[in-house]
S.K.: 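Submitted below is the structure of interest, expressed as structure tokens.
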Amino acid sequence: TLFTTFCGCDAKVTTEANSDPAPTGVENDEENYAGEDFVHPLYPEVRAAREAQNWALQSTLLERVLQDRPKVAAVWNQIGVAQLRLKNYDVAKDAFEKTISIDPNYFRAHYNLGLMYASLEDLPNAEQAYIDSIQINPAYGDAHYNLGVLLQGAGRLEEAEESYQNALETSRSQRLYKARFNLGLIAASRLDWKVAVKHYREATLLKVDFENGHLNLGVAYSKLDKLTKARDALRRAGSLDPTDYRVPWNLGLIALKINGRKEARPYFEKALELNPAYAPAAFNLGLADFHNNDFDQALRSFRQAVKLDENYVEAYYMTGKTFSEQGQSREAADAFKAAYELDDTYVEAAYNYALNLTKLGNDDAVRAVYEQIANSGQEHPNSLYNLALIHIEDDSFETARTLLQRALDADPNHQKAQYNLGLVNFREGKLKQAEEVIVSLVKSNPEYREGRFLLARIIDESGRKDEAIDLYRNLAE
């Protein structure tokens, strides 16, 4: 007798909690414009306007200074900075270029031009301006740093690293904690968590109240499974900014590793409270409830995740799993179908879609879905097995044999595929091939009674009566 029950009806939940750390961007320095003082009776007023961040007044006062000092590079440079802060880019550019025409070696004006071009996303000109500043003054750490920011944003990580190292070597400014932090981001992008920890620690030592530094240090420690240190760093970040949803989010991920979903749940609730638009927090809440068999609450959380992110494939998938647990096959099928339509490589979603269509008795649709999976280029053993059963029912033994062999190639321990491959060969009178398959099955699974019985039948049919009788007797005993 063939095993005609689809073997995947108890398909396991393959979705895990979203474990991505919440994002942290590159620390840039675009507001650190460069200038220097000059001597003039109006200078105290200029400085007071700058300190009050009254850039329009500062620019007006500097224009008055120019009436007496029309060729002082520092005055033109400060006008450029004031106009840059006012986002009057053309006026700022003219002022910086006037500065350079007065003093071609005024490296601060080249640097400020780089900041201006970077704010306009004119990256080639920004890069050249930083390089010009560095060529004039190789010890100017700010130019090295901002060149690194530009290169990192362009994905030129090795060059960015070199620029950050140059910044650290040429400047003792405490502000260059940002260079250490960005070096940590580069190491993290390479999954080199030990090096990332080194740089994040240095960043937090240079600036002890650097919340992002403590946050990313906690994430890096977590990736190394140094969970106590990870929690300490994250709690320090939370004390610096209690409103940062990323802190409870990452503490929740650590709780998952240590205590499981139940203890993690309050952290994900807090993350969602602090950032109601953060879909992964809703998703992980749903997973915690699903594994605690609170399916109604799990559905609410998964639906919230989908509402926040309509392309959240895993949330659709888990919605389907939750409906399946509640015996709602139609709703489950719709959710699995949605997941598969969003990601046609997600064969587990397609497989569960087919299982629920089977429960609904939609045989034509079931067959079509399994055919799609079989032709997807991904060898999903249970789907291949179930499609083989459909072909067996149609007496398409050759196609079934091919599918069963593919299922076994994908999963050599698939007992039912191996059993039915032997049985198909037996039904077609291919006794030698059938015996080879079933002998292998029984050797690896000696308690598999159906396999031992089929082996006895094969040997009996082959004319080896005494050997078959011994096998029957052993089974009876």
Side-chain angles (χ1 to χ4, degrees), residues 24-38 50 73-74 76-78 80-81 84-85 92 96-97 99-100 102-119 122-190 192 194-210 212-213 216-217 220:
T24 302
V26 174
E27 289 287 330
N28 63 43
D29 214 28
E30 292 180 0
E31 295 301 312
N32 184 47
Y33 304 117
E36 62 180 346
D37 296 340
F38 55 86
R50 184 180 67 223
W76 282 102
N77 182 62
Q78 285 208 24
V81 169
L84 189 52
R85 291 187 183 279
F96 293 136
E97 289 178 345
T99 306
I100 294 168
I102 295 170
D103 181 359
N105 292 322
Y106 201 92
F107 63 90
R108 294 181 180 86
H110 290 282
Y111 168 77
N112 288 332
L113 268 175
L115 292 176
M116 185 201 74
Y117 283 125
S119 66
D122 184 349
L123 303 187
N125 278 323
E127 181 178 358
Q128 188 57 55
Y130 291 141
I131 291 172
D132 291 342
S133 179
I134 292 167
Q135 287 176 339
I136 297 167
N137 183 1
Y140 190 33
D142 288 352
H144 287 292
Y145 173 79
N146 277 284
L147 178 58
V149 170
L150 184 146
L151 294 169
Q152 186 173 359
R156 295 156 61 182
L157 300 185
E158 291 184 2
E159 295 171 83
E161 281 181 303
E162 183 179 356
S163 291
Y164 291 139
Q165 293 294 352
N166 288 335
L168 293 168
E169 291 168 6
T170 56
S171 175
R172 293 185 177 275
S173 171
Q174 183 195 41
R175 192 173 42 74
L176 289 177
Y177 68 89
K178 295 180 179 180
R180 283 290 182 193
F181 178 81
N182 289 347
L183 283 168
L185 289 182
I186 292 173
S189 73
R190 296 169 176 159
D192 190 344
K194 287 185 179 180
V195 173
V197 161
K198 171 190 170 185
H199 289 304
Y200 292 143
R201 283 187 62 198
E202 290 287 341
T204 57
L205 290 173
L206 287 169
K207 184 174 175 60
V208 294
D209 60 347
F210 182 30
N212 268 348
N216 279 32
L217 178 59

S.K.: Is any side-chain N of the basic residue among Asp209 and Lys207 closer than 4.0 Å to the acidic one's carboxylate O?
M.R.: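 Salt bridge flag = yes for Lys207 with Asp209.
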S.K.: Got a second to check how far Asn105's CG is from Asp132's CG, nearest 0.5 Å?
M.R.: 11.0 Å
S.K.: Considering non-hydrogen atoms only, spot the tightest contact between Ser133 and Ala143 and give its length.
M.R.: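 Heavy-atom minimum between the residues: OG-CB, 3.9 Å.
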S.K.: Quickly, which of Lys178, His199, Glu159, Gln152 forms a side chain to side chain donor-acceptor pair (under 3.5 Å) with Tyr164? Name it, please.
M.R.: Gln152
S.K.: Please determine whether side chain to side chain contact (heavy atoms under 4.5 Å, CB included) holds for the pair His110 and Gln135, giving the CA-CA distance in whole Å, both sets of side-chain angles, and the decisive distance to 0.1 Å.
M.R.: CA-CA 10 Å; His110 290 282; Gln135 287 176 339; over 6 Å; no
S.K.: Quick check: does any side chain N or O of Thr170 sit under 3.5 Å from a backbone N or O of Asn166, one acting as donor and the other as acceptor?
M.R.: yes
S.K.: Looking at every non-hydrogen atom in both residues, tell me the closest pair between Gly141 and Ala167 and how far apart they are.
M.R.: O-CB, 3.6 Å
S.K.: Determine whether Asn137 and Tyr111 satisfy the following criterion, side chain to side chain contact (heavy atoms under 4.5 Å, CB included), listing intermediate values before the conclusion.
M.R.: CA-CA 10 Å; Asn137 183 1; Tyr111 168 77; over 6 Å; no
S.K.: What's the shortest heavy-atom distance between Ala92 and Gly80, and which atoms?
M.R.: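 For Ala92 and Gly80, the tightest heavy-atom pair comes out as CB-O, 3.4 Å.
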S.K.: Within a reach of under 6.0 Å around CZ of Arg156, are more than 12 heavy atoms found that belong to other residues, nucleotides or ligands?
M.R.: yes
S.K.: Among Tyr177, Phe210, Phe181, which residue meets the ring pair (Phe, Tyr, Trp, His ring centres under 6.0 Å) test with Tyr200?
M.R.: Phe181
S.K.: What's the separation between atom CD1 in Ile131 and atom CG in Leu147, rounded to the nearest 0.5 Å?
M.R.: 6.0 Å
S.K.: Check ring pair (Phe, Tyr, Trp, His ring centres under 6.0 Å) between Tyr117 and all other residues, then give those that pass, not counting sequence neighbours.
M.R.: none
S.K.: Checking Arg180 against Leu205 for the side chain to side chain contact (heavy atoms under 4.5 Å, CB included) test, could you report, in this order, the C-alpha distance in whole Å, the side-chain angles of both residues, the deciding distance, and whether it holds?
M.R.: CA-CA 10 Å; Arg180 283 290 182 193; Leu205 290 173; over 6 Å; no
S.K.: Side chain of Asn146, backbone of Asp142: donor and acceptor closer than 3.5 Å?
M.R.: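 It does hold such a pair.
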S.K.: Which value, rounded to the nearest 0.5 Å, describes the distance between Ile100 atom CD1 and Ile136 atom CD1?
M.R.: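 Answer for the CD1-CD1 pair, Ile100 versus Ile136, is 7.5 Å.
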S.K.: What heavy-atom pair brings Ala73 and Tyr106 nearest, and what distance separates the two atoms?
M.R.: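 Result for this residue pair: CB-CD1, 3.7 Å.
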S.K.: Provide the closest heavy-atom pair for His144 versus Ser163 in the form atom of the first, atom of the second, distance.
M.R.: O-CB, 3.3 Å
S.K.: Applying the side chain to side chain contact (heavy atoms under 4.5 Å, CB included) test to Tyr130, which of Val149, Leu113, Leu115 qualifies?
M.R.: Leu115
S.K.: Would you please name every residue forming a salt bridge (charged side-chain N to carboxylate O under 4.0 Å, His left out) with Glu169, sequence neighbours left out?
M.R.: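 Salt bridge (charged side-chain N to carboxylate O under 4.0 Å, His left out) check on Glu169 returns nothing, list empty.
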S.K.: Determine whether Gln165 and Leu183 make a side-chain contact, defined as any pair of heavy atoms from C-beta on separated by less than 4.5 Å.
M.R.: yes
S.K.: Any donor and acceptor pair, going by atom type alone, linking the side chain of Thr204 with main-chain N or O of Arg201 inside 3.5 Å?
M.R.: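 Answer holds: yes.
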S.K.: Compare every heavy atom of Ala109 with every heavy atom of Thr99, then report the nearest pair and how far apart it is.
M.R.: CG2-CB, 3.7 Å
S.K.: Side-chain contact, heavy-atom cut-off 4.5 Å: Leu176 with Leu206?
M.R.: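 Not in contact.
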